[in-house]
Peer 1: 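Handing you this structure, nothing more for now.
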Amino acid sequence: MTDLSILKHPAGARAFPKVDLVPPDGHGYLLVGAVVDRRLPFGFFRESARKAQLLLKLKECAAALRAVPGVHTVTLYKALLIPPGRGHFLKQRPAAHIARYDVVALLEADSPDTAKAVRAGADWKALQSAMRAASDDVYDIAATNVKRIGAVDRSRDGVFLFNFFFADSLEQNLAVWEYTAGWFEDQTGLHNSTVLLPDPGERKDYTIINHCRWDSLWNILPSLLFKPSFRNYVLAHFEANATAPIPILYRLA
């Protein structure tokens, strides 16, 4: 149970409805992301030959992994929008690694033990090798689901968010995510979200990674750009609680 009493609230921030959470799914996850093409925020409609070749290889690897017992899904994503800039908190943490991963693979298995076994196998190692051959900036972790609004539908295209959070405190990060998630339910109609917590011993670049989906950009982008409450409620709460979201929007590859 997250202790929301540890939160700091910006002066004058209005309240939004409490988020509706369901229990974590108990599954194991493998996530690997790579920076392949460097583009302007909306420039990812253009793909390099290197990226196109990587995606073809990843699709071969994903097909093999889907046949492994205990693997539920293997999903490939390519960036749609990577917002520029960083907030005041990140500017005070120059060592923070800013996520710019324009290609991501996510595997969901029936348990953390299954995910670990898959990670040690040849098919996942082939996927990792393909990522590393195409990029010198690769993020590769095993994780579990620690908070959940609902399952993310990866069976059809849409707009998918991976929000890579950087925070001084995991507890503070989880509390402020839960508190602000109500805004996304209320203001964008979000009814799915899976928060991934890197397993012990994994890289510490990010405290948690939030993953969710909307049907289209029009379900989310206008709220982020034009609703003042996104800045003076959501972003203000993150800033007040020493937490920085690093969001990237994707579509299926």
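Sequence positions, counted from 1, serve as the residue numbers for this chain.
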Peer 1: Report the distance from atom OG1 of Thr188 to atom CD1 of Ile220, rounding to the nearest 0.5 Å.
Peer 2: 4.5 Å
Peer 1: Assess whether atom CZ of Arg148 is packed by more than 12 heavy atoms of other residues, nucleotides or ligands within 6.0 Å.
Peer 2: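 Yes, the 6.0 Å shell around CZ holds more than 12 heavy atoms from other groups.
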Peer 1: If hydrophobic clusters are built from ILVMFWY residues whose side chains come within less than 4.5 Å, do Val103 and Val32 share one?
Peer 2: yes
Peer 1: Quick check for you: to the nearest 0.5 Å, what is the distance between Asn210 atom CG and Ile149 atom CD1?
Peer 2: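 The CD1 atom of Ile149 is 7.0 Å from CG of Asn210, to the nearest 0.5 Å.
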Peer 1: Please determine whether a side-chain nitrogen of the Lys or Arg among Asp140 and Arg119 lies less than 4.0 Å from a carboxylate oxygen of the Asp or Glu.
Peer 2: yes
Peer 1: Between His97, Arg100, Arg132, which is the residue that forms a side-chain hydrogen bond (donor to acceptor under 3.5 Å, both in side chains) with Asp137?
Peer 2: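 Only one of His97, Arg100, Arg132 forms a side-chain hydrogen bond (donor to acceptor under 3.5 Å, both in side chains) with Asp137, namely His97.
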Peer 1: Is there a chain of hydrophobic side chains (I, L, V, M, F, W, Y, each step under 4.5 Å between heavy atoms) that links Leu161 to Val159?
Peer 2: yes
Peer 1: Do Val176 and Lys8 have side chains that approach each other closer than 4.5 Å (heavy atoms only, starting at C-beta)?
Peer 2: no
Peer 1: What pair of heavy atoms forms the shortest contact from Arg203 to Pro198, and how long is it?
Peer 2: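 Looks like O-CB, 4.4 Å.
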Peer 1: So, do Thr144 and Pro24 sit near enough that their side-chain heavy atoms are less than 4.5 Å apart?
Peer 2: no
Peer 1: For residues Asn192 and Cys212, determine if any side-chain heavy atom of one lies less than 4.5 Å from a side-chain heavy atom of the other.
Peer 2: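 Touching, per the 4.5 Å side-chain cut-off.
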Peer 1: Side-chain contact, heavy-atom cut-off 4.5 Å: Val138 with Gln128?
Peer 2: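 No, too far: nothing below the 4.5 Å cut-off.
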Peer 1: Between the main-chain N or O of Leu252 and the side-chain N or O of Asp157, is there a donor-acceptor pair closer than 3.5 Å?
Peer 2: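 Yes: the side chain of Asp157 pairs with the backbone of Leu252.
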Peer 1: List the atom pairs, with distances to 0.1 Å, where a side-chain N or O of residues 225-236 and a protein N or O form a donor-acceptor pair under 3.5 Å, not counting sequence neighbours.
Peer 2:
{"unit_1": "Lys227", "atom_1": "NZ", "unit_2": "Gln187", "atom_2": "O", "d": "3.0"}
{"unit_1": "Lys227", "atom_1": "NZ", "unit_2": "Gln187", "atom_2": "OE1", "d": "3.1"}
{"unit_1": "Lys227", "atom_1": "NZ", "unit_2": "Ser223", "atom_2": "OG", "d": "3.4"}
{"unit_1": "Ser229", "atom_1": "OG", "unit_2": "Trp183", "atom_2": "NE1", "d": "2.8"}
{"unit_1": "Arg231", "atom_1": "NH1", "unit_2": "Leu225", "atom_2": "O", "d": "3.3"}
{"unit_1": "Asn232", "atom_1": "ND2", "unit_2": "Pro228", "atom_2": "O", "d": "3.2"}
{"unit_1": "Tyr233", "atom_1": "OH", "unit_2": "Tyr179", "atom_2": "O", "d": "3.4"}

Peer 1: Which heavy-atom pair separates Trp177 from Ile208 by the least distance, and what is that distance?
Peer 2: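 Taking Trp177 first and Ile208 second, the nearest heavy atoms are CB-CD1, 4.4 Å.
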Peer 1: Please name all residues satisfying side-chain contact (heavy atoms from CB on, under 4.5 Å) with Ser216, sequence neighbours left out, ordered by chain then number.
Peer 2: Trp218, Asn219
Peer 1: Hey, are Asp102 and Lys51 close enough for a salt bridge, meaning a charged N less than 4.0 Å from a carboxylate O?
Peer 2: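 Between Lys51 and Asp102 there is a salt bridge, with a charged N closer than 4.0 Å to a carboxylate O.
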Peer 1: At their closest point, which heavy atom of Phe238 faces which heavy atom of Pro245, and how far apart are they?
Peer 2: CD1-CG, 3.7 Å
Peer 1: Each residue besides Phe45 in its hydrophobic cluster should be listed here, by chain and number; the cluster joins Ile, Leu, Val, Met, Phe, Trp and Tyr at side-chain heavy-atom distances under 4.5 Å.
Peer 2: none
Peer 1: Report the residues that fulfil salt bridge (charged side-chain N to carboxylate O under 4.0 Å, His left out) with Glu178, sequence neighbours left out, ordered by chain and then residue number.
Peer 2: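 Residues passing salt bridge (charged side-chain N to carboxylate O under 4.0 Å, His left out) with Glu178: Lys18, Lys147.
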Peer 1: Looking at Asp25 and His27, would you say the former's side chain and the latter's main chain have a donor-acceptor pair under 3.5 Å?
Peer 2: yes
Peer 1: side-chain contact (heavy atoms from CB on, under 4.5 Å) between Ile141 and Ile209: does it pass, once the steps are laid out?
Peer 2: CA-CA 11 Å; Ile141 61 160; Ile209 301 102; 3.8 Å; yes
Peer 1: Supply the atom-to-atom distance Phe42 CZ to Leu81 CG, rounded to the nearest 0.5 angstrom.
Peer 2: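 It is 4.5 Å, given to the nearest 0.5 Å.
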Peer 1: Might you work through the side-chain contact (heavy atoms from CB on, under 4.5 Å) test for Leu127 and Leu30, ending with a clear yes or no?
Peer 2: CA-CA 11 Å; Leu127 186 147; Leu30 302 177; over 6 Å; no
Peer 1: Do NZ/NE/NH1/NH2 and the carboxylate oxygens of Asp215 and Arg156 come within less than 4.0 Å?
Peer 2: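 Arg156 and Asp215: salt-bridged.
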Peer 1: Can you find a pair of side-chain heavy atoms, one from Ile246 and one from Leu90, that are under 4.5 Å apart?
Peer 2: yes
Peer 1: For the atom pair CG (Leu76) and CG (Leu107), what is the distance rounded to the nearest 0.5 Å?
Peer 2: 10.5 Å
Peer 1: Who passes salt bridge (charged side-chain N to carboxylate O under 4.0 Å, His left out) against Asp123, sequence neighbours left out?
Peer 2: none
Peer 1: As a quick check of understanding, evaluate side-chain hydrogen bond (donor to acceptor under 3.5 Å, both in side chains) for Asp3 and Ser5, giving each step before the final call.
Peer 2: CA-CA 5 Å; Asp3 180 9; Ser5 69; 2.4 Å; yes
Peer 1: Got a second to check how far His191's NE2 is from Asp153's CG, nearest 0.5 Å?
Peer 2: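 His191 NE2 to Asp153 CG: 14.0 Å, rounded to 0.5 Å.
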Peer 1: State, without any angle test, whether Thr194 and Asn145 hold a side-chain donor-acceptor pair at a distance under 3.5 Å.
Peer 2: no
Peer 1: Using a strict threshold of under 4.0 Å (side-chain N to carboxylate O), is an ion pair present between Arg93 and Asp168?
Peer 2: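 Answer for the salt bridge query: yes.
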Peer 1: Taking side chain as C-beta onward, heavy atoms only, is Tyr139 less than 4.5 Å from Val35?
Peer 2: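 SC-SC contact between Tyr139 and Val35 ruled out.
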Peer 1: Same hydrophobic cluster for Tyr101 and Leu80, using side-chain heavy-atom links shorter than 4.5 Å among ILVMFWY?
Peer 2: no
Peer 1: Quick check: closest heavy atoms across Phe89 and Glu239, and the distance to 0.1 Å?
Peer 2: N-OE2, 2.8 Å
Peer 1: May I ask you to decide if the ring planes of Phe184 and Trp214 are parallel, tilted or perpendicular, using 30° and 60° as cut-offs?
Peer 2: tilted
Peer 1: Please report the interatomic distance CD(Gln172) to CD1(Ile6), rounded to the nearest 0.5 Å.
Peer 2: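 Answer for the CD-CD1 pair, Gln172 versus Ile6, is 4.5 Å.
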Peer 1: Please tabulate, for the side chains in residues 54-66, all donor-acceptor contacts under 3.5 angstrom to protein atoms that are two or more places apart in sequence or on a different chain.
Peer 2:
{"unit_1": "Arg66", "atom_1": "NE", "unit_2": "Val74", "atom_2": "O", "d": "3.2"}
{"unit_1": "Arg66", "atom_1": "NH2", "unit_2": "Val74", "atom_2": "O", "d": "2.6"}

Peer 1: Using a 4.5 Å cut-off on heavy atoms from C-beta on, say whether the side chain of Arg154 contacts that of Leu106.
Peer 2: yes
Peer 1: Are Val36 and Val104 connected into the same hydrophobic cluster when the rule is that any two of I, L, V, M, F, W, Y join if their side-chain heavy atoms are below 4.5 Å apart?
Peer 2: no
Peer 1: Between His237 and Thr180, which heavy-atom pair has the shortest distance, and what is it?
Peer 2: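 Shortest heavy-atom contact: CB-CG2, 3.9 Å.
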Peer 1: Cluster question for you: counting only ILVMFWY and a side-chain heavy-atom cut-off of under 4.5 Å, with indirect links fine, are Ile248 and Phe44 together?
Peer 2: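 As far as the 4.5 Å side-chain criterion goes, Phe44 and Ile248 are connected within one cluster.
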Peer 1: On a heavy-atom basis, which atom in Asn163 and which in Pro247 lie closest, and how many Å separate them?
Peer 2: OD1-N, 3.2 Å
Peer 1: I'd like to check Phe162 versus Tyr77 (side-chain heavy atoms, cut-off strictly below 4.5 Å). Are they in contact?
Peer 2: yes
